[in-house]
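Take a look at the structure set out below.
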Protein chains: 2
Amino acid sequence: MTQSHKGHDHVWADDLTRNQELVLGTLAHAHGPLSAYDILDRLRDDGLRAPLQIYRALDKLTERGLAHRLESLNAFVCCADAHCHQSGCIAFAICERCGKVEEFAEPAIESELKGWSKASGFVPSRMTVELRGLCAGCASQPA
Amino acid sequence: MTQSHKGHDHVWADDLTRNQELVLGTLAHAHGPLSAYDILDRLRDDGLRAPLQIYRALDKLTERGLAHRLESLNAFVCCADAHCHQSGCIAFAICERCGKVEEFAEPAIESELKGWSKASGFVPSRMTVELRGLCAGCASQPA
DNA sequence: CCCGATATGTTATTTAGTTACATCCGCGCG
DNA sequence: CGCGCGGATGTAACTAAATAACATATCGGG
C-alpha cells in the first residue's frame with residue numbers, strides 16, 4: 001500500500017504512509033497553520049480518531065522537513081518549498097491579524113547563529129526563528 | 001503593600017505586586033527554565049493555588065522584560081541581565097542534555113531580521129530565536 | 001466618599017501532548 | 001511455508017499547558 005493509493009493531488013515523497021500522507025495533505029490545503037487537533041478534526045472522516053495518530057505522522061514529517069512546527073503557536077505548516085530542508089535554518093513570519101505564515105531562509109542569520117555557537121562551544125541541533133507581527137497586507141489596513 | 005513586604009533577596013523593580021515578586025523570585029532561584037506549573041508547585045506554601053495566578057504574573061513580567069518565555073519549551077526563565085530588554089532581540093541556547101539556558105543578544109541577527117522585515121513589508125512586534133543542542137560542557141562529555 | 005482601573009482568588013473547561021499496551025503488516029530467513 | 005522482528009497503527013487513559021467566566025479586593029484620583 002505504499003504507492004498510488006488513489007488519485008490524490010500532489011506527491012511529495014513516494015514512501016509516505018497513509019497517515020503521513022493524509023496529514024501532509026491536510027496541511028497543504030490549509031490556508032494557515034493548524035494545530036494537531038485541528039488536523040485531527042479534519043481527518044475524522046478518513047478514520048483517524050486519536051491525537052497520537054496525528055502526532056506520530058507529524059513527527060516523521062517534521063523530521064524529513066516536509067512540515068514545520070511553529071513553536072510559538074503550537075501549530076504546524078506544510079513546508080513551503082522543496083529546497084528548504086537543504087538550507088538548515090528556516091525562519092517564519094507570523095501575522096497576528098490574519099494568521100498567514102511566511103517561510104523564509106536568511107542564510108546570513110544562520111551563519112550568525114553558527115558563528116555564535118562556534119565561539120561559545122554550543123553545538124546546535126535545531127534552530128527556531130519566528131517573527132510575530134503584521135504581514136504587509138494587514139499592516140497597511142486601516143484598523 | 002507595594003513596597004518592602006519583607007527582607008526578600010533582590011529587588012528588580014520597586015513596583016512589582018506580591019505575586020509578581022514571588023514568581024520572579026522563583027525563576028531567579030531556579031537553575032533552569034520552569035514551566036508555569038513548576039512555578040505553581042513551588043509557591044503553594046505561599047498561598048498560590050491556581051495556574052491563572054502564575055500566568056497573570058508571568059504576563060506582566062514578560063511584558064516588562066524581567067522574564068522570558070521559551071516557546072520551544074513552554075517554560076520561562078528569569079532575564080539574565082538588566083540591559084537585555086533595551087536591545088529588542090534576545091536569543092536563547094537551550095541544552096537538551098542538562099537543561100541549561102544561555103541568553104545572548106546578537107545585534108547582527110536582529111538587524112538581519114529587521115532588514116528582511118523592511119524588505120517584505122512585515123511589521124514585527126516580537127522575535128523568537130531559540131537554539132536547541134548541547135552546551136559546551138555537555139558536548140565535550142563522553143556519552 | 002465614590003468610582004474606575006488594576007490585581008486577586010476560585011472553579012471549571014478547553015487545548016496540547018504523552019504513556020502504555022495491543023495489534024497488524026511487510027519482509028528477510030531458516 | 002512459518003517464524004520472528006521492526007515499523008506503523010489503533011485505542012484508551014492520562015498528564016500538562018493554557019484559558020474562560022465570574023466574584024472580590026485594593027488603590028489612587030476627582
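Values reported hereafter were calculated over all heavy atoms of this structure, with side chains retained and with hydrogens, waters and symmetry mates removed. Here is how names work: the chains are called A, B, and so on, in the same order as the sequence lines, proteins then strands, and each is numbered from 1.
- Within the structure, the salt bridge (charged side-chain N to carboxylate O under 4.0 Å, His left out) test picks out the following pairs touching residues 66-79 of chain B (sequence neighbours left out): B:R69-B:E71, B:E71-B:R126.
- Atoms CG (A:L22) and C1' (D:dA8) sit 14 Å apart, rounded to a whole Å.
- The CD atom of A:E71 sits 13 Å away from the C1' atom of C:dG17 (whole-angstrom rounding).
- The existence of a salt bridge linking B:R64 and B:D15 is confirmed by a sub-4.0 Å separation between a basic side-chain nitrogen and an acidic carboxylate oxygen.
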Could you give the side-chain donor-acceptor pairs of residues 113-125 of chain B under 3.5 Å, partners two or more places apart or in another chain?
unit_1: B:K114; atom_1: NZ; unit_2: B:E110; atom_2: OE2; d: 3.0
unit_1: B:S117; atom_1: OG; unit_2: B:L113; atom_2: O; d: 2.9
unit_1: B:S120; atom_1: OG; unit_2: B:W116; atom_2: O; d: 3.1
unit_1: B:S120; atom_1: OG; unit_2: B:S117; atom_2: O; d: 3.3
unit_1: B:S120; atom_1: OG; unit_2: B:F122; atom_2: N; d: 3.4
unit_1: B:S125; atom_1: OG; unit_2: A:E96; atom_2: OE1; d: 3.2
unit_1: B:S125; atom_1: OG; unit_2: A:R132; atom_2: O; d: 3.2

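- Remark: A:F76 pairs with no residue by the ring pair (Phe, Tyr, Trp, His ring centres under 6.0 Å) rule, at least two apart or across chains.
- Rounded to a whole Å, the CG atom of B:D41 is 10 Å from the P atom of D:dA17.
- One can place CG of B:D59 at 12 Å from P of C:dT8, the figure rounded to the nearest angstrom.
- As a whole-Å value, the separation of A:L40 CG from C:dG17 P is 13 Å.
- The phosphate of C:dG17 has OP1 or OP2 within less than 4.0 Å of a side-chain N or O from A:R69.
- Minimum interatomic distance between A:H68 and A:C79 (heavy atoms only, all atoms of both residues): NE2-SG, 3.3 Å.
- Between the P atom of D:dG7 and the CZ atom of A:R64 lies a distance of 15 Å, rounded to the nearest Å.
- A donor-acceptor contact under 3.5 angstrom links the side-chain atoms of A:Y37 to the base of C:dA16.
- Relative to the side chain of B:K60, the nucleotides D:dT9, C:dA7, C:dG9 differ in distance, and C:dA7 lies closest.
- In this structure B:D41 satisfies the side chain to side chain contact (heavy atoms under 4.5 Å, CB included) test together with B:R44, sequence neighbours excluded.
- For B:A136, there are no side chain to side chain contact (heavy atoms under 4.5 Å, CB included) partners at least two apart in sequence or on another chain.
- Distances shown here put a side-chain N or O of A:N74 below 4.0 Å from the OP1 or OP2 atom of C:dG17.
- In this model, the phosphate group of D:dT9 is approached by a side-chain N or O of A:T17 to a distance below 4.0 Å at OP1 or OP2.
- If you check residues 43-58 of chain B against DNA chain D, the residues with a heavy atom closer than 4.0 Å are B:L52, B:Y55, listed by number.
- Phosphate contact (OP1/OP2 of C:dG9, side-chain N/O of B:N19, threshold under 4.0 Å): present.
- For the pair A:Q20 CD and D:dG7 P, the interatomic distance rounds to 13 Å; values are reported in whole Å.
- Counting only distance, with no hydrogens or angles, the side chain of A:Q53 and the backbone of A:L48 share no donor-acceptor pair below 3.5 Å.
- Listed by chain and number, the residues in a side chain to side chain contact (heavy atoms under 4.5 Å, CB included) with A:P107 amount to none (sequence neighbours excluded).
- For C:dG9, the OP1/OP2 oxygens have no side-chain nitrogen or oxygen of B:R18 closer than 4.0 Å.
- A search for side chain to side chain contact (heavy atoms under 4.5 Å, CB included) contacts involving B:E112 returns A:E106, A:A108, A:I109, not counting sequence neighbours.
- Rounded to whole Å, the distance from CG on A:D38 to P on C:dT14 is 16 Å.
- Comparing the local axis fitted to the first five base pairs of the helix from C:dC1-D:dG30 to C:dG30-D:dC1 with the one fitted to its last five gives a bend of 10°, rounded to 10°.
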